[in-house]
Participant: 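Take a look at this one; I'll ask things after.
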Amino acid sequence: KKGHLHPLTQVMREIVDSFTAMGFEVADGPEVESEHYNFDALNVPKDHPARDMQDTFWVKGVPQTVLRTHTSAVQVHYMETHQPPFKIIVPGKVYRYEATDATHETQFHQIEGLVVGEHVSLAHLKDVLDEFFKRLYGATTTVRMRPSYFPFVEPGVEIDVSCVKCGGTGCNVCKQTGWIEVMGAGVVHPNVLQ
């Protein structure tokens with residue numbers, strides 16, 4: 001009997017194909033990460049709640065080592081060994097100590113994107129995301145940005161897409177708002193670039 005690819009593998013391949021078609025390269029990094037790469041080099045303050053035992057899986061017996069909480073750690077590794085300009089995506093598994101429910105899991109997949117070059121702005125980010133989400137969900141998909149805070153970007157935004165079920169008119173999937181929050185984003189913080 002012939003096997004089939006797992007749905008997550010199918011979606012991940014479709015996402016990677018969309019970004020590589022836009023000129024992005026794929027980068028990879030370790031799932032077991034140092035506190036330096038997972039937090040410090042990403043401008044995450046020492047007292048940030050993400051570092052707490054209830055949010056992060058710390059590796060017992062190996063000081064200052066975690067299961068990565070985001071694929072953002074890979075951008076620091078990449079920037080240490082590559083000179084700008086570059087455009088990368090980092091697909092991979094991440095781990096967070098969370099209560100499991102319909103929208104949260106302790107291990108999930110994430111895709112980090114990083115663009116570094118002269119005159120890169122929030123407008124470029126919006127253009128890339130508009131193109132990507134149209135490729136993923138269809139030509140009528142729209143993207144909305146809302147101000148937000150993440151220690152590794154400035155400015156930071158939450159990204160919403162028009163609901164894929166109702167097209168933005170409101171339904172049970174989007175909780176009658178017409179929008180689905182899909183990601184956080186922003187322009188790389190100067191401290192991270194340094």
Side-chain angles (χ1 to χ4, degrees), residues 8-31 33-45 48 50 68-96 108-162 164 179-194:
L8 285 176
T9 301
Q10 293 175 20
V11 171
M12 193 67 78
R13 285 184 178 180
E14 186 176 347
I15 290 169
V16 168
D17 289 347
S18 292
F19 277 105
T20 56
M22 292 188 283
F24 284 75
E25 294 182 38
V26 178
D28 191 20
E31 291 180 30
E33 191 58 87
S34 73
E35 183 178 18
H36 169 76
Y37 285 102
N38 199 75
F39 295 123
D40 299 335
L42 290 167
N43 203 40
V44 178
H48 194 280
R68 69 179 177 196
T69 60
H70 45 205
T71 53
S72 303
V74 177
Q75 71 176 257
V76 180
H77 288 288
Y78 193 88
M79 286 190 289
E80 287 178 338
T81 59
H82 294 79
Q83 291 297 314
F86 50 75
K87 299 189 315 186
I88 63 166
I89 58 167
V90 184
K93 293 178 188 172
V94 297
Y95 305 87
R96 295 190 188 156
F108 56 97
H109 290 79
Q110 185 179 62
I111 297 190
E112 172 83 8
L114 175 67
V115 177
V116 177
E118 290 188 37
H119 311 296
V120 175
S121 69
L122 213 52
H124 294 102
L125 172 65
K126 181 138 185 344
D127 286 346
V128 167
L129 294 178
D130 277 338
E131 175 68 19
F132 167 69
F133 284 113
K134 281 178 177 22
R135 289 172 183 249
L136 189 63
Y137 295 128
T140 60
T141 303
T142 55
V143 173
R144 168 176 88 170
M145 294 178 153
R146 294 178 288 112
S148 192
Y149 170 77
F150 304 99
F152 35 87
V153 295
E154 181 58 43
V157 292
E158 292 284 355
I159 304 296
D160 304 326
V161 295
S162 51
V164 295
W179 297 96
I180 299 173
E181 181 182 315
V182 292
M183 64 189 289
V187 176
V188 180
H189 196 287
N191 292 347
V192 176
L193 289 174
Q194 287 176 347

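Given the structure is predicted, the values throughout are model-derived calculations rather than measurements.
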Participant: Under 4.5 Å between any side-chain heavy atoms of E112 and I88, yes or no?
Facilitator: no

Participant: For the atom pair CG (L122) and CG (L129), what is the distance rounded to the nearest 0.5 Å?
Facilitator: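 One finds 9.5 Å between CG of L122 and CG of L129.
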
Participant: Do V116 and Q75 come close enough that some side-chain heavy atom pair is under 4.5 Å?
Facilitator: no

Participant: Look up atom CD in E33 and atom CZ in F39, then write down how far apart they are to the nearest 0.5 Å.
Facilitator: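 Rounded to the nearest 0.5 Å, the CD-CZ separation comes to 10.0 Å.
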
Participant: Does E80 CD have over 12 foreign heavy atoms under 6.0 Å away?
Facilitator: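 Yes - once you tally the heavy atoms of other residues, nucleotides and ligands closer than 6.0 Å, there are more than 12.
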
Participant: Under 3.5 Å, side-chain donor or acceptor atoms of residues 154-162 against the rest of the protein: list the pairs with distances, not counting sequence neighbours.
Facilitator:
unit_1, atom_1, unit_2, atom_2, d
E158, OE2, S148, OG, 3.3
D160, OD1, R146, NH2, 3.0
D160, OD2, R144, NE, 2.9
D160, OD2, R144, NH2, 2.8
D160, OD2, R146, NE, 2.6
S162, OG, T142, N, 3.0
S162, OG, T142, OG1, 3.4

Participant: Which of parallel (below 30°), tilted (30 to 60°) and perpendicular (above 60°) describes H82 and Y78?
Facilitator: parallel

Participant: Give me the atom names and distance for the closest heavy-atom approach of V26 to V16.
Facilitator: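 Result for this residue pair: CG2-CG1, 3.7 Å.
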
Participant: What residue pairs, at least two apart or across chains, pass side chain to side chain donor-acceptor pair (under 3.5 Å) with a residue in residues 10-20?
Facilitator: none

Participant: Would you give the length of the straight line joining atom CE of M12 to atom NE2 of H109, rounded to the nearest 0.5 angstrom?
Facilitator: 4.5 Å

Participant: Do Y95 and E31 come within less than 4.5 Å of each other through their side chains, counting heavy atoms only?
Facilitator: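 They are in contact (side-chain heavy atoms under 4.5 Å apart), so the answer is yes.
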
Participant: Any donor and acceptor pair, going by atom type alone, linking the side chain of H124 with main-chain N or O of S121 inside 3.5 Å?
Facilitator: yes

Participant: In Å and rounded to the nearest 0.5 Å, what is the OH to OG distance from Y37 to S72?
Facilitator: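 OG of S72 is found 14.5 Å from OH of Y37.
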
Participant: Can you name the nearest heavy-atom pair linking Q110 to T71, along with the distance?
Facilitator: OE1-N, 2.7 Å

Participant: Between F19 and F132, how do the two ring planes meet: parallel, tilted or perpendicular, split at 30° and 60°?
Facilitator: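 Parallel, since the angle between the ring planes stays under 30°.
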
Participant: So do the side chains of D127 and L125 get within less than 4.5 Å of each other, counting heavy atoms only?
Facilitator: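 The answer is no, as the side chains (C-beta and beyond) never meet within the 4.5 Å cut-off.
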
Participant: Taking all atoms of both residues into account, what is the closest heavy-atom pair of R135 and A21, and its distance?
Facilitator: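 Heavy atoms of R135 and A21 come nearest at NH1-CB, 3.4 Å.
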
Participant: How about N38 and T69: do any of their side-chain heavy atoms sit closer than 4.5 Å?
Facilitator: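 The answer is yes, as the side chains (C-beta and beyond) meet within the 4.5 Å cut-off.
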
Participant: Exactly one of L193, N191, V153 should register a side-chain contact (heavy atoms from CB on, under 4.5 Å) with N43. Which one does?
Facilitator: N191

Participant: Below 4.5 Å, heavy atoms only, C-beta onward: do F150 and L42 meet side chain to side chain?
Facilitator: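 Not in contact.
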
Participant: Between H189 and Q194, is any side-chain donor less than 3.5 angstrom from a side-chain acceptor?
Facilitator: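 There is no such pair (donor and acceptor under 3.5 Å, judged by atom type) between the side chains of H189 and Q194.
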
Participant: For a quick test of reading the model, state the closest non-hydrogen atom pair linking R68 to V74 and the distance between them.
Facilitator: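 Closest approach of R68 to V74: NH1-CG2, 3.7 Å.
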
Participant: For K126, what residues pass the side-chain hydrogen bond (donor to acceptor under 3.5 Å, both in side chains) criterion, not counting sequence neighbours?
Facilitator: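 For K126, the residues satisfying side-chain hydrogen bond (donor to acceptor under 3.5 Å, both in side chains) (neighbours in sequence not counted) are D130.
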
Participant: Minimum heavy-atom separation for I111 and I89, please, with both atom names.
Facilitator: CG2-CB, 4.1 Å

Participant: Does the separation of the ring centres of H70 and F108 fall below 6.0 angstrom?
Facilitator: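 H70 vs F108: aromatic centres not under 6.0 Å.
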
Participant: Would you name the heavy atoms of G23 and K87 that are closest together and state the gap between them?
Facilitator: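 Scanning both residues completely, I find the closest heavy atoms to be O-CE, 3.6 Å.
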
Participant: Checking the side chain of D28 only, and the main-chain atoms of V90 only, is there a donor and an acceptor separated by less than 3.5 Å?
Facilitator: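 Pair absent, no side-chain N/O of D28 close to backbone of V90.
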
